[in-house]
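Below: one structure, written as structure tokens.
Everything numeric here is computed off the predicted structure, so don't read it as measured data. The basis for the numbers below is simple: all heavy atoms, side chains too, and nothing from hydrogens, waters or symmetry mates.
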Amino acid sequence: MLHLRAAAVVCAAAMLITGCNAGGQQAPGQDGGEQPVLNVHASSTPTYQANFNPISVTFLPGTRGLIYEPLMAYTPMKPGEGQPWLAEKADFNDDGTELTLSLRPGVTWSDGEAFDADDVAFTFNLFVEQPAANTGALPVKGAKKVDDHTVTVSFTEPVFARMPSIGNTTPLPEHIFAEQNPMEYTNDKPIGTGPYTLKSFSDQVYTLQKNPKYWDAQSIKVEQIAFPASTTQTFTTSLQQGKLDWSGGFVANIDQIFVAKDKEHNKYWYPGDGMVSLLVNQRKAPFDDLELRKALSLAVDRDVLSKTAMQGYTPPAHPTGLVLPAFESAMAADYKDAKFTRDVAQANQLLDQGGYKLGEDGIRTSPDGKKLSFDLTIPSGYVDWVAMSKLLQEQLKEVGIELKPQGVATQNWAENRNGGKYDITIASQAGGTAPYFLYRSFMSSEFKVADDKPAASNYNRWYDPETDKLFDAYEASDDPAEQQQAIAGLEKIVVEELPVIPLLQSPNWFQSRTVNFDGWPSKEDPYALPAPFSYPDNLLVIKRLHPTR
């Protein structure tokens, strides 16, 4: 990510406070003139710490996509369709345990070093040597160079289904990372193959500039990109004042405070990219009781959650949890017309039959004598979830279940969620690039851990042999019909057994301003997820953008 010179840094950092217009920043244009800097909000961060390591858990927005590129780009908006990138071809052996990658010739790292098979082999072998670097949890056995532009990667099991994760892997420069502890390295002077390099950095703003050595430089029309730091409040203010070109975040009353300011140029679009759910700890009673989970689901009014907490920005979840319309083609025929309907009477009936007795205080007691009263911890900064938690508290009270919303720091919430130190909470599941990845994130025993250990995924701790057989069947085949049969089986488990309780479709937050740049994804042209924090979609978007003046 790139940096501004001193005066520009001051302007960009101060724009949120003094009204210094970021849109007034200029970058040298290809025709010798100047063009505005593209101003981006990808996260609400009051101050930045330099970290451009793409395998770190705390890398800064733009690291992956704009500085480091994928082997093949897979977007959820085109499930299963990888676009050749640093790799022009990818060929599996018959059983899906070995992949041969044919790399694009003529690519260099931004310091002029050649990008080749040594870098790709180094990256995959690093996943074996340093498992924490293997953020996609790929079952890599090893990798070897065949020639400068060919590398083979071997796996311990068939990985046909994991091709999107393999493709979206960002190769690392061996000549840089081989000399470092890869997981602790902050990479404050990043060397990538991507369209941008780091120009300047401060704790208030960092700026990327076009990489003159980029292999497809003629396709990149945006010269500079600035990422000013902001809080949730200053983000909303900057958006309202027209100081951001590309942003992704929840904004209350967006039609009034943003669109109405400039209806011609101010746009937003919130396609689905995952699911928001009630996460119930399957390793704890009473949430291991299916009848209780059914009652919980029946008691929730998802239409109210959508219209009130989310201001209608995102619809109720589908009972399968599938992200729509992206995954519509994967939906089993039996569920095409399915939808959630609230039924308080039926919920109460199920609880009565299950021996959950209603007390004089209006709170039920489980058969083992414990009150159905639970803390509902949520990140206090997630204003939409805060509103949702209050509505859920009111709705579940009608069936004798007491929720006590507790706002905590995001880090504390995540630690408790990962460590299984909760009964019930709100969480989101990313859609990924295919239904397989969505379901794997909350149903695969691949992520099984001891009850007292933190999980890397499947935080609800659903461990079920029948579910795992379906994952095995999907992973072992490259036949679309066989894979769809497995997905249909997983849909049935989600609908009938409620490993999580789907609430809403998770939105991909995206606001754009077309005064300076256009070419954005839209409902009419959904070529990529539009949020600036989405990878590799941010790369697909930047290649479509062009200045409007």
>> Is any side-chain heavy atom of Y436 closer than 4.5 Å to one of Q483?
In response: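 Q483 does not reach Y436 side chain to side chain.
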>> Could you check whether any side-chain heavy atom of S154 comes within less than 4.5 Å of a side-chain heavy atom of T97, counting everything from C-beta outward?
In response: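 Not touching, per the 4.5 Å side-chain cut-off.
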> Quick one: which of D464, V494, L470 gives a side chain to side chain contact (heavy atoms under 4.5 Å, CB included) with M443?
Replying inline: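 Per the side chain to side chain contact (heavy atoms under 4.5 Å, CB included) rule, the option paired with M443 is V494, out of D464, V494, L470.
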> Considering the options L279, L392, L504, which one meets the side chain to side chain contact (heavy atoms under 4.5 Å, CB included) requirement together with I426?
Replying inline: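 In the set L279, L392, L504, the residue that makes a side chain to side chain contact (heavy atoms under 4.5 Å, CB included) with I426 is L392.
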> Of the non-hydrogen atoms in T467 and I493, which two are nearest, and what is the gap between them?
Replying inline: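 Here T467 and I493 meet closest at OG1-CD1, 3.3 Å.
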Examine the side chains of [X] and [Y] and answer whether a donor and an acceptor come within less than 3.5 Å of each other.
X    : Y    : answer
R440 : Q429 : no
N418 : N416 : no
E491 : T320 : no
S444 : N458 : no
W462 : Q282 : no
D479 : S477 : no

I'd like to know whether [atom1] of [X] has more than 12 heavy-atom contacts from other residues, nucleotides or ligands below 6.0 angstrom.
X    : atom1 : value
E98  : CD    : yes
Q411 : CD    : no
Q406 : CD    : yes

> Applying the side chain to side chain donor-acceptor pair (under 3.5 Å) test to S56, which of N51, T63, T135 qualifies?
Replying inline: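 Among N51, T63, T135, the one that satisfies the side chain to side chain donor-acceptor pair (under 3.5 Å) with S56 is N51.
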> Between E394 and K397, is a salt bridge (Lys or Arg N to Asp or Glu O under 4.0 Å) present by the stated rule, with each step listed?
Replying inline: CA-CA 5 Å; E394 296 171 4; K397 184 178 180 181; over 6 Å; no
>> Please verify the inter-ring angle class for H41 with F235; under 30° counts as parallel, over 60° as perpendicular, anything in between as tilted.
In response: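 Rings of H41 and F235: parallel, under 30°.
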> Once the angle between the rings of Y185 and F177 is folded into 0 to 90°, is it parallel (under 30°), tilted (30 to 60°) or perpendicular (over 60°)?
Replying inline: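 Ring orientation of Y185 relative to F177: perpendicular.
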>> If the test is ring pair (Phe, Tyr, Trp, His ring centres under 6.0 Å), which one of W385, W509, Y270 qualifies with F250?
In response: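 Answer after filtering W385, W509, Y270: W509.
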